[in-house]
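Data block below; observations after.
As the structure lists them, so they are numbered: ligands from 1, and atoms in each ligand from 1. Given the structure is predicted, the values throughout are model-derived calculations rather than measurements.
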Amino acid sequence: MTSSQIDHLLNENRRFAPSAEFADNAIANADLYARAAEDREGFWADQARDLLHWHTPFTQVLNWTNPPFAEWFADGELNVAYNCLDRHVEAGNGDRVALLWEGEPGEERRVTYAELTDEVKRVANVLEGLGVGVNDRVAIYMPMIPEAIAAMLAVARIGAVHSVVFGGFSADSLRARIDDAGAKLVITADGGYRKGKVSPLKPAVDMALADRNGSGPQETVENVLVVRRGGNDVDWVEGRDLWWHDVVPAASAEHEASAFPAENPLFILYTSGTTGKPKGILHTSGGYLTQAAFTNRVVHDIHPETDVYWCTADIGWITGHSYVTYGPLANGATQVLYEGTPDTPHPGRWWEVVEKYGVTILYTAPTAIRSFMKIGRAVPQKFDLSSLRLLGSVGEPINPEAWVWYREIIGHGETPIVDTWWQTETGAMMISALPGVTETKPGSAQVPLPGISIDVVDDDGTHVGNGNGGLLVITEPWPSMLRGIWGDPERFKETYWDKFHDKGYYFAGDGARLDDDGDVWLLGRVDDVMNVSGHRLSTTEIESALVAHEATAEAAVVGASDETTGQAVVAFVIIKQSYLDKNSPEGLAQTLRAWVGEQIGPIARPRDVYIVGELPKTRSGKIMRRLLRDVAEGREVGDTTTLADTAVMSVISAQVK
Ligand code: PRX
C-alpha cells in the first residue's frame with residue numbers, strides 16, 4: 001500500500017452503530033471483554049466447557065512452560081466429530097439441516113445432522129478398514145460437495161490427521177504436500193464443477209502418485225478413495241483405488257466416537273511462507289475447536305435454530321476449515337455449501353443462492369465484493385437479499401469503498417459488517433468487531449476479540465502508541481494457535497517467534513496501524529508473501545517455478561496492487577541467451593504464465609510477465625523488488641542510488657512499456 005492510500009484510509013471517519021434490534025438479540029455482549037480481561041485463561045476454559053462436550057473434562061487450561069510450544073486443556077479428552085455431529089442428534093436436533101448443498105449446475109441436496117452423522121460413521125469404518133488409525137495422515141483433494149465435509153470429519157473421528165489440498169492446486173503441489181505429510185490415503189473425486197464444466201481432480205492424483213522411478217521419497221499412499229461427482233472418465237489402479245459409492249454405503253453406520261487427548265493433531269494445512277517450500281501448519285483438537293466455535297458463535301452471531309449461514313470459502317483454505325466445517329457444525333448451524341464459481345452460469349449466481357435459501361449471515365472475501373462492485377449494483381438488485389442480517393469479510397484488508405458498497409447494496413444499508421483478521425496459523429479469528437456491540441468503522445478490523453491480546457510494535461517490540469504504524473504481534477498464547485510446522489520445529493521458532501524472542505511475542509508478518517481510538521488497521525504483509533484474492537502466495541515459490549522453465553535465466557516476482565484482486569502477481573523474467581538462439585521469444589510471456597499455473601495452480605499464474613534484459617540489484621546482489629513494484633504499479637520509480645547499476649531501471653521501464 002502506498003502512503004497516500006494509507007492516509008486516505010485513515011481519514012475514514014464514518015461510524016455505524018448497531019441497530020437497537022440487532023443489539024438486543026445479539027449473542028455477543030460487552031461483558032465478554034470484561035470477563036476475559038479479568039481472567040483470560042478462565043475465560044477460555046469457560047468457553048471450552050460451555051461450547052464443547054468433553055469425554056474427559058480437563059483440569060489444566062494453558063501449559064506455556066515450553067514456549068513457543070503451547071498446550072491447551074491437555075488432560076481433557078474429546079472427539080471433534082462427536083462435537084460436530086452426534087451430540088446434536090442426541091440432543092434431538094437430528095432433523096435439522098446441516099448442509100444446504102447447491103451444485104454449480106443447480107442440483108440441490110439437503111443433508112440433516114442425522115444423515116451427516118450416519119455418513120461420517122460409515123466413512124470412519126471404511127477408513128479404519130483400510131488401516132488408517134490415530135495420527136495417520138489423510139490427504140483430501142476434493143470439490144465443494146458434502147462428501148468433502150464428511151471426509152474431514154471421518155478423519156477427525158478416528159483420531160487421524162487430515163491435510164486438505166485446495167482442488168485448484170496442481171499435481172506437483174499435491175505431491176509435495178502428500179510427501180511432506182507422509183499421507184497414507186488420498187480422498188478425492190473424479191472431478192467437480194467449475195465455470196460451467198467438469199474440472200477433473202482424479203488425474204492430478206494419478207499424476208502425483210505416478211511411478212517415481214526410484215526418485216523422490218518412498219511412496220506412502222496405499223489407497224485412493226474416489227467420490228463420483230463429475231462423471232468424467234478416470235483411470236483406475238486396481239487394488240489401490242476405491243469408489244466411495246461402492247464402499248461407504250456398504251459400511252456399517254455404527255461407529256463409536258473414541259475420546260482423544262485435546263492435543264491430538266487434527267489437521268495440517270499448507271500455506272505459503274517466505275521461502276519456496278510451503279509450511280505445513282499444524283493444528284490440534286480441543287483448543288482449536290473451542291476458538292473456532294466461540295468466534296463463529298459470537299462474531300457471526302449464529303442462532304442455530306433460525307439462521308442460514310453461508311461462508312463462501314473453499315475447504316482448501318483455513319476459512320473453510322474453521323468457518324465451513326468445524327465452527328458452524330460444532331454450533332449446530334444450518335449452512336449453505338455451494339460448489340461453484342460466483343458467476344456461473346450468470347453473474348448473479350451468489351445472490352440467487354442467497355434468495356433461494358434465505359441466507360441470513362454471509363462471510364466472504366473483499367476481492368469478491370470488489371468484483372461485484374465492478375459488475376454493478378444492478379445484478380444483486382435483481383434478487384431479494386432482505387434475509388441478510390449480518391455480513392463478514394476475511395482474507396485481506398477491505399477498502400472503505402468496498403465496505404460501504406457491501407453494506408449498502410448487499411446489506412440493504414442496515415447490516416453490521418465484521419471485518420475479521422486472522423491467519424492459517426491463528427486457526428480462528430483474532431481481531432474483529434463484535435456485532436451488536438462494536439460501532440463499526442469501514443476499513444478497520446478494529447479490536448482484538450475477548451481473550452486475545454495483540455499489539456502494534458516497532459522493530460524492538462515497543463508499543464507504537466495511537467496514531468502510529470508498526471508490526472502486528474500477538475502477545476499471549478491463544479487456544480487455536482498453531483502448534484508448529486509439520487516436521488520442522490526450527491522453522492516454526494524462526495518464522496514466528498525469533499523476531500520478538502525477548503518479549504515472547506508471535507510475529508504475524510503483517511503491518512498495522514493504530515488510529516486515534518486505538519483501533520487496528522491492517523496494512524498488508526511486511527514479508528515476501530503476497531495476498532491475491534485473499535489467497536496467500538509466496539514470491540519465492542513463484543520465482544522458483546519460473547526458473548524451473550528451460551527458457552528462464554532469472555526471475556523476480558512482486559505483488560502489485562490490483563483493483564479487484566487486492567494484489568496481483570507480476571513477474572520480471574530474464575531469458576537465457578542459449579534459449580533465444582534456438583527459439584523465438586514470441587508468446588513466451590504467455591507460455592511462462594501458463595507454466596506457473598501448471599506448476600503451482602491457476603491462482604499463482606502471474607497477471608503480467610515482463611521479459612527484461614536485467615534485474616535491479618544492489619551491490620551485494622540483492623534484487624530490489626521495491627523498484628520493480630513501482631514499475632508494476634505504473635509509478636515513478638523510487639530511489640535507485642543503492643543499485644549497482646543505476647541505469648537499469650530506465651531500461652526496464654522502457655521494456656515494460
Ligand atoms: O495479511 C493478512 C491477511 O491474510 C493473511 C493470512 O492469510 P491466510 O493464512 O491465507 O488466511 C486467510 C484467512 C484468514 C494475514 O497475514 N488477512 C486476513 N484477514 C485479513 C487480512 N488482512 C487484512 N484484513 C483482514 N481482515
For Ala208 versus Ala171, what's the shortest heavy-atom pair and its separation? CB-O, 3.7 Å
Give the table of side-chain donor-acceptor pairs shorter than 3.5 Å for residues 439-450, with sequence neighbours excluded, one pair per line with atom names and distance.
{"from": "Thr440", "atom 1": "OG1", "to": "Phe16", "atom 2": "O", "distance (Å)": "3.3"}
{"from": "Lys441", "atom 1": "NZ", "to": "Asp515", "atom 2": "OD2", "distance (Å)": "2.6"}
{"from": "Lys441", "atom 1": "NZ", "to": "Asp517", "atom 2": "OD2", "distance (Å)": "2.8"}
{"from": "Lys441", "atom 1": "NZ", "to": "Asp519", "atom 2": "OD2", "distance (Å)": "2.6"}
{"from": "Ser444", "atom 1": "OG", "to": "Gln446", "atom 2": "N", "distance (Å)": "2.9"}
{"from": "Ser444", "atom 1": "OG", "to": "Val520", "atom 2": "O", "distance (Å)": "2.7"}
{"from": "Gln446", "atom 1": "NE2", "to": "Glu439", "atom 2": "O", "distance (Å)": "3.1"}

What atoms in ligand 1 come closer than 4.0 Å to a heavy atom of Asp419? 25 (C), 26 (N)
On a heavy-atom basis, I'd like to know which of Ser444, Pro397, Ser432, Gly511 is closest to atom 23 (C) of ligand 1. Pro397
Are the ring centres of Tyr506 and Trp497 closer than 6.0 Å? yes
Heavy atom under 4.0 Å from ligand 1: found in Ala445's side chain, backbone, both, or neither? neither
Examine the proximity of ligand 1 to Glu396 and report which part, side chain or backbone, both or neither, has a heavy atom under 4.0 Å away. backbone
Counting heavy atoms only, which of Thr319, Thr420, Thr271 is nearest atom 13 (C) of ligand 1? Thr319
Numbered atoms of ligand 1 (with element) below 4.0 Å of Val394, judged on heavy atoms: 13 (C), 14 (C)
When you check the gap from the basic side-chain N to the acidic O, do Arg625 and Glu543 get nearer than 4.0 Å? yes
Is the closest basic N to carboxylate O distance between Lys195 and Asp343 below 4.0 Å? no
Determine whether the aromatic ring centres of residues His162 and His321 are separated by less than 6.0 angstrom. yes
Geometric N/O contact Gly395 with ligand 1, under 3.5 angstrom: yes
Cationic tip of Arg177 within the cone over Phe169's six-membered ring, i.e. under 6.0 Å and within 45° of the normal? yes
Just to verify, which of Gln567, Arg370, Arg607 counts as forming a side chain to side chain donor-acceptor pair (under 3.5 Å) with Asp562? Arg607
Using distance alone, determine whether Thr424 and ligand 1 share an N or O pair under 3.5 Å. yes
Who's the nearest protein heavy-atom neighbour of atom 7 (O) of ligand 1, and how far? Arg536 CD, 3.1 Å
Ionic contact status for Asp307 with Arg389, cut-off 4.0 Å: yes
Top protein contact for atom 15 (C) of ligand 1, by heavy-atom distance: Asp510 OD2, 3.5 Å
Where ligand 1 meets Leu522 - atom numbers and elements under 4.0 angstrom, heavy-atom basis: 23 (C)
Just let me know how His535 lines up against ligand 1, side chain, backbone, both or neither, with a heavy-atom cut-off below 4.0 Å. neither
Near Asn531 (heavy-atom distance under 4.0 Å), the atoms of ligand 1 are 3 (C), 4 (O)
